[in-house]
Participant: 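Take a look at this one; I'll ask things after.
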Amino acid sequence: MRARFAPSPTGYLHVGSARTALFNWLAIRHAGGEFVLRSDDTDQERGSDEYYHDVIEGLKWLGLDWDEGIEMGGPHGSYKQSDRLVRYQEVAGQLLAAGMAYFCFCTPAELDERRKQAQAEGRPPGYDGRCRALDPAESASRRDGGEAAVVRLAVPRPGVTVFEDIVRGEVRFDHEHVEDFVLLRSNGSPTYHLASTVDDADYAITHVVRGEDLLSSTPKHILITTAMGADPPVYAHLSLLMGPDGKKLSKRHGDTALHAYRQGGFLPEAFVNYVALLGWNFGDDETVFTRDEMVNRFDLSDIQKNPAVFDNDKLAWMNGVYIRELDREDFITRTVPLIEADIDRPMTAAETETYRTVAPLIQERMKLLTEAPDQVRFLFIDELEYDAGSWEKVLTKPEAAPAIAAAVEKLGNLGEWATAGIESSLRDMLEELGVNAGKGLQPLRVAVTGSSVSPPLFESLEALGRERSLARLRDALERL
RNA sequence: GCCCCCAUCGUCCAGAGGCCUAGGACGCUGCCCUUUCAAGGCAGAAACGGGGAUUCGAAUUCCCCUGGGGGCACCA
């Protein structure tokens with residue numbers, strides 16, 4: 001089995017494309033075949049290096065490795081279509097010579113007009129085949145005389161293309177609705193249909209796994225392949241990803257670029273796990289599984305036919321699951337840079353040690369890596385900023401000031417500054433004051449962390465240290 | 001307009017004629033745990049789009065309708 005992922009670098013790697021890449025990869029790794037990465041960069045207008053690199057980085061981030069192609073090389077020369085223009089022209093020439101393709105001199109304006117007319121009359125809107133009737137010799141001389149012409153495939157009519165799609169089953173297209181499409185543009189460059197199909201044949205691709213948007217182009221690709229004398233690959237068309245409104249996932253649903261997820265604090269493992277669930281299932285009612293387990297069970301024929309809505313909430317939940325599964329060191333390594341970026345300076349050695357003690361506490365309360373700075377910022381800054389809502393809700397209560405004052409008193413006399421001692425002295429304080437934990441401890445939390453939501457209080461106090469903790473409590477008292 | 005694809009809780013998936021009083025997950029609601037927030041535990045609300053047909057029996061098969069999606073370029 002040989003499959004390929006062939007993005008066109010005309011945009012950032014989209015989550016939909018990432019899913020296509022993942023399903024290709026899963027199928028290949030399951031079967032033990034080869035995964036080829038190719039760049040379908042025949043669109044000079046819209047393509048760019050930035051997009052090209054974004055695609056490669058995205059695949060690497062997801063951990064979808066390939067065996068041949070871009071950056072890897074392989075037995076087929078270049079894996080960039082822009083390097084293979086002569087090959088496409090060669091194939092077009094062969095089809096021309098064999099009478100399976102012909103020159104078309106119709107101008108874009110004429111085509112446009114006839115298309116509109118056909119549509120208005122309820123006829124298929126495709127090219128009407130006018131130039132197909134031209135005498136080949138005459139066409140060639142007009143062409144040689146410098147007249148602009150495209151090369152079109154002479155689609156056999158009547159006829160029908162039938163193929164067995166792995167996810168959809170038998171699919172058939174009557175050639176009545178497959179126009180004589182363009183192979184080579186008037187400037188000699190190949191269209192996507194030609195280039196992609198020639199490459200699939202040349203690179204001996206056996207399985208083409210791609211989006212449903214290409215389903216109706218498949219007869220064109222099969223026609224080219226057989227005209228070349230090659231065997232068509234097996235196709236698997238994946239339904240598309242939708243936004244929450246049921247419309248095709250696009251910019252208006254927010255950022256659909258894969259790198260936005262990387263930057264947004266998502267773990268690639270979680271992303272992969274979640275996306276695999278869009279149109280596929282692990283069986284056994286399991287939703288969280290490892291990459292190896294996924295590869296073991298994956299089968300293209302199990303893929304769901306209907307479009308799936310991309311649910312950010314479930315992705316975030318999944319991400320939380322994976323964050324909690326990270327081992328402590330890994331979690332620290334991944335979050336320290338985010339915190340340093342937030343406080344705009346490197347952590348000191350002492351701070352790093354402190355962070356090591358609180359990291360497990362915040363690890364279990366996060367869905368996104370990017371939430372780390374908010375959780376621990378109070379440990380790293382001098383001027384605490386109080387959350388206005390928390391202040392209002394907690395510190396303006398009558399029991400707030402007495403609790404803080406009592407805590408200052410108790411903690412000031414505490415011997416060793418450690419969680420256990422802090423807890424017992426504060427519990428004593430609660431008892432003496434006759435208030436419950438909620439009322440008595442929340443003011444301390446806000447005074448010390450700036451917010452009514454924070455990591456556990458006693459541990460936070462220990463991490464903050466005696467001096468700074470007491471200073472913050474006194475400061476809050478003063479403000480009150 | 002023409003062609004193609006699809007159709008189970010709000011969402012993602014189970015379900016391939018009786019095992020379905022339709023199962024799991026996210027989200028949602030309630031309770032428990034609890035120093036806040038999470039996490040965790042327990043409970044709950046929540047779906048077979050409609051109509052025909054086949055069958056003793058249909059979420060599962062067939063047809064029509066409706067709805068949704070995709071495509072119809074010298075873009076990919």
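Chain A is the first sequence line, chain B the second, and so forth, proteins listed ahead of strands; every chain is numbered from 1. All of these numbers come straight from a predicted model, not from anything done at the bench.
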Participant: Between Asp199(A) and Tyr79(A), do the side chains contain an N or O donor and an N or O acceptor separated by less than 3.5 Å?
Facilitator: no
Participant: For rC4(B), does OP1 or OP2 lie under 4.0 Å from any side-chain N or O of Lys220(A)?
Facilitator: no
Participant: Of the candidate nucleotides rC74(B), rC5(B), rU36(B), which contains the atom at the shortest distance from the side chain of Leu215(A)?
Facilitator: rC5(B)
Participant: Using atom P of each nucleotide, how far apart are rA58(B) and rC72(B) to the nearest Å?
Facilitator: 42 Å
Participant: Looking at residues at least two apart in the chain, or sitting in another chain, which of them share a side-chain hydrogen bond (donor to acceptor under 3.5 Å, both in side chains) with Lys116(A)?
Facilitator: Asp112(A)
Participant: Kindly assign one of parallel, tilted or perpendicular to the pair His221(A) and Tyr192(A), based on the angle between their ring planes and the thresholds 30° and 60°.
Facilitator: perpendicular
Participant: Polar atom pairs between nucleotides 63-65 of chain B and protein, under 3.5 Å, N or O only, would you list them?
Facilitator:
none

Participant: Do NZ/NE/NH1/NH2 and the carboxylate oxygens of Arg291(A) and Glu293(A) come within less than 4.0 Å?
Facilitator: no
Participant: Taking only side-chain nitrogens and oxygens of Asn306(A), does any of them come within less than 4.0 Å of OP1 or OP2 of rC12(B)?
Facilitator: no
Participant: Just the rounded figure in Å: distance from C1' of rG23(B) to CZ of Phe282(A).
Facilitator: 18 Å
Participant: Just name whichever nucleotide pairs with rA43(B), Watson-Crick or G-U, keeping both distances under 3.5 Å, else none.
Facilitator: rU29(B)
Participant: Going by atom types alone, do Ser454(A) and Arg445(A) pair a side-chain donor with an acceptor below 3.5 Å?
Facilitator: yes
Participant: What distance, rounded to whole Å, do you find between the two P atoms, one in rC28(B) and one in rC19(B)?
Facilitator: 33 Å
Participant: Taking protein heavy atoms under 4.0 Å as touching, what does nucleotides 39-51 of chain B look like 5' to 3' if B marks base contact, S marks sugar-phosphate-only contact and - marks none?
Facilitator: SS-----------
Participant: For Thr449(A) and Ser451(A), which I'm curious about, is there any donor-acceptor pair between the side chains at under 3.5 Å?
Facilitator: no
Participant: Please write out the pairs of protein N or O atoms and N or O atoms of nucleotides 14-16 of chain B separated by less than 3.5 Å, giving the distance to one decimal.
Facilitator:
unit_1: rA14(B); atom_1: OP1; unit_2: Asn281(A); atom_2: ND2; d: 3.0
unit_1: rA14(B); atom_1: OP1; unit_2: Gln304(A); atom_2: OE1; d: 3.2
unit_1: rA14(B); atom_1: OP2; unit_2: Gln304(A); atom_2: OE1; d: 2.6
unit_1: rA14(B); atom_1: O5'; unit_2: Asn281(A); atom_2: ND2; d: 2.9

Participant: May I ask you to say whether Arg142(A) pairs ionically with Glu147(A), meaning some side-chain N is under 4.0 Å from a carboxylate O?
Facilitator: yes
Participant: What class does the angle between the rings of Phe298(A) and Phe23(A) fall in, given that below 30° is parallel, 30 to 60° is tilted and above 60° is perpendicular?
Facilitator: tilted
Participant: Contact between Gln363(A) and Thr335(A) at the side-chain level, heavy atoms closer than 4.5 Å - yes or no?
Facilitator: no
Participant: Rounding to an integer number of angstrom, what distance separates rA47(B) and rC4(B) when you compare their P atoms?
Facilitator: 35 Å
Participant: Taking OP1 and OP2 of rA7(B), is either one under 4.0 Å from a side-chain nitrogen or oxygen of Lys305(A)?
Facilitator: no
Participant: On the side chain of Ser186(A), is there an atom forming a donor-acceptor pair with the base of rC74(B) - under 3.5 Å, no angle test?
Facilitator: yes
Participant: Can you confirm whether the side chains of Asn319(A) and Tyr274(A) place a donor and an acceptor under 3.5 Å from each other?
Facilitator: no
Participant: Any side-chain N or O of Thr42(A) below 4.0 angstrom from OP1/OP2 of rA76(B)?
Facilitator: yes
Participant: Reckon Arg210(A) touches a base, only the sugar-phosphate, or nothing at all at heavy-atom distances under 4.0 Å?
Facilitator: nothing
Participant: Given rU35(B), rC2(B), rC26(B), identify the nucleotide with an atom nearest to the side chain of His177(A).
Facilitator: rC2(B)
Participant: As an exercise, state the distance from CZ of Arg115(A) to CD of Glu110(A), rounded to the nearest 0.5 Å.
Facilitator: 12.0 Å
Participant: Just to be sure I understand the rule, does Glu286(A) reach a base, reach only the sugar-phosphate, or reach nothing, if contact means heavy atoms closer than 4.0 Å?
Facilitator: nothing
Participant: Can a donor-acceptor pair be found between the side chains of Asp41(A) and Gln81(A) at a distance below 3.5 Å?
Facilitator: no
Participant: Can you confirm whether more than 12 heavy atoms, excluding those of Glu431(A), are under 6.0 Å from its CD atom?
Facilitator: no
Participant: Choosing from rA25(B), rU11(B), rU35(B), which nucleotide comes nearest the side chain of Leu457(A)?
Facilitator: rU35(B)
Participant: Judged by modelled atom types alone, do Glu164(A) and Tyr235(A) share a side-chain donor-acceptor pair under 3.5 Å?
Facilitator: no
Participant: Between Leu278(A) (CG) and rC26(B) (P), how many Å, whole number?
Facilitator: 16 Å
Participant: Below 4.0 angstrom from OP1 or OP2 of rG1(B), is there any side-chain N or O of Arg115(A)?
Facilitator: no
Participant: For rU21(B) and rC64(B), measure between their C1' atoms and round to the nearest Å.
Facilitator: 32 Å
Participant: Between rA59(B) and rG18(B), how far apart are the C1' atoms? Round to whole Å, please.
Facilitator: 13 Å
Participant: Taking the minimum atom-to-atom distance to the side chain of Arg168(A), which one of rU36(B), rG10(B), rC6(B) wins?
Facilitator: rC6(B)
Participant: Tell me yes or no: between the side chains of Ser239(A) and Glu212(A), is some donor less than 3.5 Å from an acceptor?
Facilitator: no
Participant: For Gln117(A), give me all partners under side chain to side chain contact (heavy atoms under 4.5 Å, CB included), at least two apart in sequence or on another chain.
Facilitator: Glu121(A)
Participant: Taking only the side-chain heavy atoms of Lys247(A) (C-beta and beyond), determine which of rC5(B), rG69(B), rU11(B) contains the nearest atom.
Facilitator: rG69(B)
Participant: Would you jot down, in residue-number order, the residues of residues 426-442 of chain A having a non-hydrogen atom under 4.0 Å from RNA chain B?
Facilitator: Arg427(A), Ala437(A), Leu441(A), Gln442(A)
Participant: Where the side chain of Ser216(A) is concerned, which of rA73(B), rU35(B), rG71(B) is the nearest nucleotide?
Facilitator: rG71(B)
